[in-house]
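For reference, the structure discussed in these notes is given below.
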Amino acid sequence: MKNNLLIYNTLTRKKEIFIPIKASLIGMYVCGPTVYGDAHLGHARPAITFDLIFRYLLYLGYKVRYVRNITDVGHLETDTDDGEDKIAKKARLEKLEPMEVVQFYTDRYHENMNQLNVKKPSIEPRASGHIIEQIEMIKKVFAEGYAYEVNGSVYFDVEKYNKTHDYGKLSGRVLEDLMSNTRELEGQSEKKNSYDFALWKKAMPEHIMRWPSPWSDGFPGWHMECSAMGCKYLGDRFDIHGGGMDLLFPHHESEIAQSNIANGSDPAKYWVHNNMVTINGQKMGKSLNNFITLNDFLSGKHEALEQAYSSMTIRFFILQAHYRSTLDFSNEALIASEKGLSKLMNASETLQKLVASEKSDFDVQRLKQKCYDGLNDDFNSPILIAHLFEAVKWINSINDGKASLLKADIDLLKELFNDLVFKILGLKPEEEAAGSDELFDGVMNTILEIRKEAKIKKDWALADKIRDKLSRLNINVKDTKEGVNWEVKE
RNA sequence: GGUGAUGUGGCAUAGUGGUUGUGCAUAGGAUUGCAAAUCCUAAAACAACGGUUCAAAUCCGUUCAUCACCUCCA
């Protein structure tokens, strides 16, 4: 199964057979969040996309070192002389220590990731903890002659690089086009060319995040951290480098350039980019101010939300689209995911108590093959989910006594659900909202006992009244063959 | 302007040169005291126009529309 895995490589714009650089250990680096605000739905996309990839690689038996950074310095507000560090700006506004802001939002990010059942990366390095590594890398670029210093700031000489390398090979840019089409920005006088990018920026007096360097007190340029930390933990060349499509240019393109000069090779073999979440057809993003935070989803308190959505609904919603497609947010779509997920989870429970028969009406082995074929085809989770719903239908049919499966097939189906639904897709049953305490259970049992007596007396009015009133309290009562069932709705 | 995508039933999302699929929504039926859940059935799409082909929604071309990146953004 291992050798069937196809991964779409942005670098070649093709699906390629996944062949690890080293047989024993896979290195994967993913650009993590800049922690100056709460994570929104857009942040959930790469986290879940690469969580799926991480989980599947682990399932296939690979050892994986997964590095996802925390950007807590370095991303400039603008690429101009008066550019200011995002974290610092936020800190100034809130009159906090920058690291206080970083700590606060990092904790909240971790909480959100935990709610989404996103596995922790193997290493989660912080840019601020790797200033020395970044400075050392800049020195190397200098030593190779591809950096120049102006007024304490250091820039990468893209034009020189492009003479021997291909600047633009990842994003499909052509340098001549960049030259003529780059927007006019003020304060770029320091750079030889507008497309040169900063390796180190001298801090202005108002900058509160600053470190000493051979060139000035300042801070590293915005692409440096990923190169330095990726190299430190995964080596000069590792297997997978991931991130959002919006990071393709200039971020990843520039990473390739500086890594080639400093380390002599492209940093990654496979470049994997997830697409955007859209809202009304437009990218959900900070700058457009059209984002909905994950905490908003969980609470339902946002004007665009008709209701609250569980973290698993969000995860399922994201997994129902292929990671390279855009995914459009709407309440209707999320409600559809919520119901679909609930159907899948119920079937998974039903599966556990299925009774075996003398014959099998379904080909479970074939289903298994189709599921893994989907995963192996560039992590196609939506097709995998579509196949799983086929199994859901089977399970319910068997439960209804309308079809049957051999014990071996039921066991295989159980294994499939365990592996695919829980281990690989990373879904988990919704937590019981309430009702897990004895008192509540006792009260419910009492009420339902009264209802049962009413039903025996054919007092439908009373029985229905109890059910309706409970329903208004978000408690669903269902009569089944085995007796009465109840659950608390979200 | 440059680069790269995308346009699939009411919504969201897959897939494929010939019979399309999944979830939600809709209609009818089964089941149920009635519901819920479940099952069965149904209707309904492949942006437009050309071309290649025995056959195209799938390949090619043109057009239209939308989006992303080119400035921080997942």
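In the text below, chain A, chain B and the rest are named by the order of the sequence lines, each starting its count at 1.
- Using a 4.0 Å heavy-atom criterion, one finds that T278(A) contacts no nucleic acid atom at all.
- Across all strands shown, A25(B) forms no Watson-Crick or G-U wobble pair with both distances under 3.5 Å.
- Using Watson-Crick or G-U wobble geometry with both donor-acceptor distances under 3.5 Å, G9(B) finds no partner in any strand shown.
- For the pair G243(A) and A461(A), both in contact range of RNA chain B, the more 5′-proximal nearest nucleotide belongs to A461(A).
- Spacing between atom NE2 of H387(A) and atom P of A14(B) amounts to 14 Å, rounded to whole angstrom units.
- A salt bridge links R467(A) with D464(A); the closest basic N to acidic carboxylate O contact falls under 4.0 Å.
- Here, A47(B) and U66(B) have their C1' atoms 11 Å apart, quoted to the whole Å.
- U6(B) and G61(B) have their P atoms separated by 13 Å, given to the nearest Å.
- For P250(A), the listed nucleotide lying nearest its side chain is C70(B); candidates were A12(B), C70(B), C73(B).
- In this structure, Y323(A) atom OH and A12(B) atom C1' are separated by 20 Å, rounded to whole Å.
- Rounded to a whole angstrom, the distance from the P atom of A5(B) to that of U62(B) is 15 Å.
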Legend entry - Base versus backbone protein contacts along nucleotides 35-41 of chain B [heavy-atom cut-off under 4.0 Å; B, S, -]: BB-BBS-
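- Protein atom CZ of R324(A) is 10 Å distant from nucleotide atom P of A14(B), rounded to whole Å.
- Salt bridge annotation for E390(A)-K370(A): present, with a cationic side-chain nitrogen under 4.0 angstrom from a carboxylate oxygen.
- Nucleotide C46(B) is matched to nothing when pairs are restricted to Watson-Crick or G-U wobble geometry with both distances under 3.5 angstrom.
- A 3.5 Å limit on both hydrogen-bonding distances identifies no Watson-Crick or G-U partner for U16(B).
- A centroid separation of less than 6.0 Å is found between the aromatic rings of H273(A) and H252(A).
- Taking atom P on both C59(B) and U19(B), the two are 16 Å apart, rounded to the nearest angstrom.
- When the side-chain nitrogen and oxygen atoms of K339(A) are compared with OP1 and OP2 of A25(B), one or more of them lie within a distance under 4.0 Å.
- Going from the P atom of A37(B) to that of A43(B) covers 24 Å, rounded to whole Å.
- Within 4.0 Å (heavy atoms only), V277(A) reaches at least one base atom of the nucleic acid.
- Relative orientation of the F389(A) and F316(A) rings is perpendicular, given thresholds of 30° and 60° on the angle between their planes.
- As judged by a 4.0 angstrom heavy-atom cut-off over every strand, L344(A) is placed among residues making no nucleic acid contact.
- As rounded to the nearest Å, A55(B) and U71(B) have C1' atoms that lie 50 Å from one another.
- Heavy atoms of S471(A) sit nowhere under 4.0 angstrom from any nucleic acid atom.
- By the 5.5 Å and 30° criteria, W460(A) is stacked with the base of G33(B).
- Comparing C73(B), A12(B), U13(B) by their nearest atom to the side chain of S287(A) picks out C73(B).
- Atom CG of L288(A) and atom P of C67(B) are 11 Å apart (whole Å).
- Annotation: salt bridge (charged side-chain N to carboxylate O under 4.0 Å, His left out) contacts involving residues 307-328 of chain A, sequence neighbours excluded, comprise D51(A)-R315(A), R324(A)-D378(A).
- Taking atom P on both nucleotides, A45(B) is separated from U8(B) by 14 Å, rounded to a whole Å.
- Of the candidate nucleotides A12(B), G33(B), C73(B), G33(B) has the atom lying nearest to any side-chain atom of D464(A).
- Remark: U3(B) base-pairs with A68(B). Criterion, Watson-Crick or G-U wobble with two distances under 3.5 Å.
- Among the protein residues, M245(A) comes within range of no part of the nucleic acid, since none of its heavy atoms lies under 4.0 Å from any strand.
- When the P atom of G21(B) is taken as reference, atom CG of L384(A) falls 19 Å away, rounded to whole Å.
- Take the nearest nucleotide of RNA chain B for I385(A) and for V174(A): the residue whose nucleotide is more 5' is V174(A).
- Across all strands shown, L248(A) has no heavy atoms under 4.0 Å from either base or sugar-phosphate atoms.
- With distances taken from any side-chain atom of P382(A) to the nucleotides U13(B), A12(B), U22(B), the minimum falls on U13(B).
- Ion pairing of D419(A) with R55(A) is absent here, as no side-chain N (NZ or NE/NH1/NH2) approaches a carboxylate O to less than 4.0 Å.
- In this structure, CD of E253(A) is placed 15 Å from P of U3(B), rounded to the nearest angstrom.
- As judged by a 4.0 angstrom heavy-atom cut-off over every strand, G42(A) is placed among the base-contacting residues.
- Nucleotide C70(B) holds its P atom 13 Å from the NE2 atom of H251(A), rounded to whole Å.
- Within 4.0 Å of H273(A), counting heavy atoms only, lies no atom of the nucleic acid at all.
- The same atom, P, is picked in A56(B) and in C46(B); the two are 14 Å apart, to the nearest Å.
- With hydrogens and angles ignored, the 3.5 Å screen pairs no side-chain donor or acceptor of S122(A) with any backbone N or O of V67(A).
- For the pair R68(A) and Y29(A), the cation does not sit on the ring face, since its NZ or CZ is not both under 6.0 Å from the ring centre and inside 45° of the axis.
- For the pair N380(A) and G15(B), the criterion of a side-chain N or O lying under 4.0 Å from OP1 or OP2 is met.
- The partner of U32(B) cannot be assigned: no Watson-Crick or G-U wobble pair with both contacts below 3.5 Å exists in any strand.
- No close placement of the Y36(A) and F104(A) rings is indicated, their centers lying 6.0 Å or farther apart.
- Within 4.0 Å (heavy atoms only), Q320(A) reaches sugar-phosphate atoms of the nucleic acid but no base atom.
- The residue Q282(A) sits close only to the backbone: its heavy atoms come under 4.0 Å of sugar-phosphate atoms, none of a base.
- One can place CG of L319(A) at 14 Å from C1' of U22(B), the figure rounded to the nearest angstrom.
- Between C24(B), C69(B), A14(B), one nucleotide has an atom nearer to the side chain of A336(A) than all others, and that is C24(B).
- Relative to the ring axis of F422(A), K428(A) does not place its NZ or CZ within 45° and under 6.0 Å from the centre.
- Aromatic ring centroids of H241(A) and Y270(A) lie 6.0 Å or more apart.
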